[in-house]
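Only one structure is covered here, and it is reproduced in the block below.
Counting starts at 1 for both ligands and their atoms, following the listed order.
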Amino acid sequence: MAYTRDVEPSLMNDKKAANAGLSHAAAKVSDYFGCNVFGPETMRLLLPKEVYRKVQDAITHGKRFDLEVANTVASAMKTWAISKGATHYCHWFQPMTGATAEKHDSFMEPVGEGNVLEVFSGQQLVQAEPDASSFPSGGLRATFEARGYTAWDPTSPAFVLETPGGSTLCIPTIFVSYTGESLDTKTPLLRSIEALNKAALGILDYFDGGARKVFSTLGAEQEYFLIDAAYYRARPDLVLAERTLFGAASPKGQQLEDHYFGAIKDRVFSFMTDLESELYKLGVPLKTRHNEVAPNQFECAPVFEEANVAIDHNQLVMDMLRRVAARHKLSCLLYEKPFAGINGSGKHNNWSLGTDTGKNLLTPGDTPRQNLQFLLFLVSIIKAVRDHSLLLRASIASSGNDHRLGANEAPPAIMSVFLGAQLTGVLGDIEKGVTGKSTPPAWMDFGIDKIPAILKDNTDRNRTSPFAFTGNKFEFRAVGSSFNNAGPITVLNTIVANQLLETKKEIDALLKTKKDFKAAAIAVVRKLYKEGKAVCFEGNNYSAEWAAEAKRRGLPNVKTTPDALLAFKEKAAVAMFERLGVLSRQESLSRYHIKLEKYAKDIDIEAKTILEMVDTLYVPAAVEYMGQLSAAIEAAGRLLGKEACLRSPQELLRELALRLSEARTSAAELAKALAAAEAVEDAEAKAAAYCRKVKPLFTPARAAVDALEGLVPAKLWPVPKYREMLFLL
Ligand code: ADP
Ligand code: MG
């Protein structure tokens, strides 16, 4: 059905939809939090003691357990899931599409004579064999069989997903090929978590804190847009490309700065409470909700968790955002830049290192010794970002995020680290080796020697930094809103693990020359800061001065995805991933190819959508109006003859004809470039063609259509306008 402006979009006033969230809002969260999760507490209740202990061992120490244990767990899981209304189970995994995947199997099993039983075995829990041939494999498949295996990841709890049609038991799994090559994002993530664990323990060895395990922690703030579902459906660009490829700016955008933290509209509030109760049932600890900067943009954030679980939970958050939005006759846009001219959406990844003894390794300590440990981790991270900023940039590269990075709303494509004035001062002093008379006051009370007291409530903030230290964690702010966080966090874990191993080597080398530990460690802190500090920047990352300064410092500023992705196939990077056991050479290259292909496909879809919209929506609308206008001019001429003053309508007609012709001409040019790009065989050359030849031609096509939008009567305009999508809810 054609979009008509006469119809009230959705159902905005649909009482039932508006109240969809009220049932749970009334209940106490602690009464139902995690009720659909097969977590430790449920397991302790349902499993024999010995079996429970073995599962916990598997979770905390990565120990394997036998089929008998798996059978017992499966049986308990089945009974529990069925009591929650589940009829099916699925291995829930994360192929390299960025989304999650699931293939449902019924518990039902015929047992003869027309009878069935509910069956779920340990084997079915532990492993499944989905056909891998229709998932991206980036060349891995060519050399291997199509068979792929999913294997249970007991470190992230199974859960029952309730959907309007029924409930399903979901078991988080990894996804690997027949020969063990990872076909997913979770496998390398788990490997990077292990690499980081080992490397960090190597540093902790010097300090005797008693920790036996170190893990990365993650709190992922998630930004998103909500628009009325009727508007979404009437925009082919949103449906197909998840962003508006056309649209004249609304007279009001975000310039009044009245949306951020503003009062939440009832309809949105009702959506949010419904979202929260669904996620609470799944054990996702959502903590904050608020309006974001752009109109109809919002954010939610959970309390941080161990990274693997936090990433699974973030995937659930994105999934639930979409499902619950649909229930409220809304559409949730997770794309990085759905609307031109206003802010896009990101994911702020708050990341730190936690220990099994409950310590946060990025919290400055109370004693000089603890501070020395803190400083070793801190400078190692700075050095890692300095040396591998290209990899970090590559980990957040996508056609969507290209619109956001450097658009004066999100950090630029230059990776830099913000530390705050105090830490910058402390590290600067260590670098200069300040002692004695020139010692600043903060250095007076650090006790023994050379290690300063560091204020814990370091509250400096820098909202423009892509990688900011915020007192006891880093905030990696450049990640795109639609990303699976496993990619960026795998890279971050790996580069830090790599540097921690180097850091240890340097300390050990100095210890051999008979330096005492403290002197050796301080020397290493000094050296690493000196080598890494070019990446530290305290100023405004959005400014042109910073781009110039970064260039002087030799920091890369890679603006497009195809260029950024090259980092994944650089020799040193491939070798590092291999050395640390995170990605084999082949796995690294497969990821490079998948991302490159994805980029080309994204631009291809956008180009084709533009062409279709120009020809089937915008041109007909303009022609229709021109017809009306010419008829009116002719009629007026007939009636009034020479007296008719027709200059102004004729000018309008002329302007319409001009814009129409511009739209057609630029579409024709785009079509030509598109055909040429489609014909390119080589993947790199193809992505380059889409990036440099096809994409730039979107701009003139859009400019012509957006100009037409300003001329054609709103009544005839075939798709919802920005002012409608962004302000009517
Ligand atoms: P802001 O928007 O001011 O940055 P928020 O409260 O929205 O702050 O988000 C902060 C996020 O950082 C939360 O998800 C919080 O749980 C998380 N966080 C706090 N401590 C840690 C930590 N040690 N490791 C990882 N994330 C953390
Ligand atoms: Mg934050």
Side-chain angles (χ1 to χ4, degrees), residues 29 33 189 192-193 196-197 200 204 209 211 213-224 259-262 264 272 275-276 279-280 283-294 297-318 321 343 345-365 370 373-374 377-378 381 409-411 417-420 423 454 456-479 481 483 485-486 488-490 492-493 496 541:
V29 175
F33 186 84
L189 171 72
S192 77
I193 289 171
L196 186 59
N197 172 41
L204 291 185
K213 195 171 162 183
V214 176
F215 45 85
S216 39
T217 51
L218 176 65
E221 302 165 43
Q222 176 74 49
E223 294 177 338
Y224 59 92
H259 197 256
Y260 191 62
F261 284 7
I264 301 172
M272 286 174 165
L275 172 79
E276 283 158 3
L279 288 167
Y280 288 156
V284 181
L286 276 198
K287 182 85 172 163
T288 58
R289 59 184 184 215
H290 62 82
N291 284 4
E292 255 301 330
V293 169
Q297 190 189 32
F298 309 93
E299 181 187 295
C300 63
V303 174
F304 72 95
E305 298 174 283
E306 183 277 320
N308 179 36
V309 173
I311 287 167
D312 283 358
H313 280 171
N314 181 248
Q315 292 294 113
L316 279 177
V317 167
M318 292 198 288
L321 276 166
N343 277 16
S345 301
K347 215 178 277 236
H348 296 175
N349 278 332
N350 296 273
W351 174 92
S352 188
L353 298 169
T355 68
D356 59 345
T357 48
K359 291 262 152 38
N360 176 355
L361 297 178
L362 296 185
T363 301
Q370 282 168 1
Q373 178 185 307
F374 163 74
F377 279 100
L378 185 75
I381 294 168
E409 56 174 84
V417 176
F418 170 82
L419 291 173
L423 274 181
I454 297 168
K456 277 192 183 175
D457 55 344
N458 180 356
T459 48
D460 281 16
R461 285 289 165 122
N462 183 328
R463 291 273 169 202
T464 68
S465 174
F467 198 78
F469 188 71
T470 54
N472 62 356
K473 60 187 185 293
F474 278 95
E475 188 172 346
F476 187 15
R477 302 174 69 251
V479 183
S481 50
F483 273 63
N485 258 332
I489 296 299
T490 298
L492 187 52
N493 284 348
V496 171
N541 281 259

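At least one N or O atom of P302 sits closer than 3.5 Å to an N or O atom of ligand 1. Looking at N472 next to ligand 1, no N or O pair under 3.5 Å apart turns up.
Between I381 and F467 there is a side-chain heavy-atom pair separated by less than 4.5 Å. For the pair Y224 and V317, the minimum side-chain heavy-atom distance is 4.5 Å or more. Side-chain atoms of K473 and T217, non-hydrogen and from C-beta on, never get closer than 4.5 Å to each other. Put simply, the side chain of T355 reaches to within 4.5 Å of the side chain of L204, judged on heavy atoms.
When heavy-atom distances to ligand 1 are checked against a 4.0 Å cut-off, E221 comes that close only through its side chain, counted from C-beta outward. With a 4.0 Å cut-off on non-hydrogen atoms, H348 does not touch ligand 1 at all.
Using modelled atom types, one finds a donor on one side chain and an acceptor on the other under 3.5 Å when comparing K347 with N314.
Close approach of ligand 1 to S352 is summarised as follows: ligand atoms under 4.0 Å from at least one heavy atom of the residue are 22 (C), 23 (N), 24 (N). Listed by number with element, the atoms of ligand 1 under 4.0 angstrom from any heavy atom of G219 are 14 (O), 25 (C), 26 (N).
For E276, the salt bridge (charged side-chain N to carboxylate O under 4.0 Å, His left out) criterion is met by R289, not counting sequence neighbours.
Using a non-hydrogen distance threshold of 4.0 Å, R463 registers as a contact of ligand 1.
Between N350, T363, T470, T288, it is N350 that holds the heavy atom closest to atom 11 (C) of ligand 1. Among V303, T217, L218, the residue whose heavy atom lies nearest to atom 24 (N) of ligand 1 is T217.
Pairs of residues two or more places apart, or lying in two chains, that qualify as salt bridge (Lys or Arg N to Asp or Glu O under 4.0 Å) and include a residue from residues 304-316 are K186-D312.
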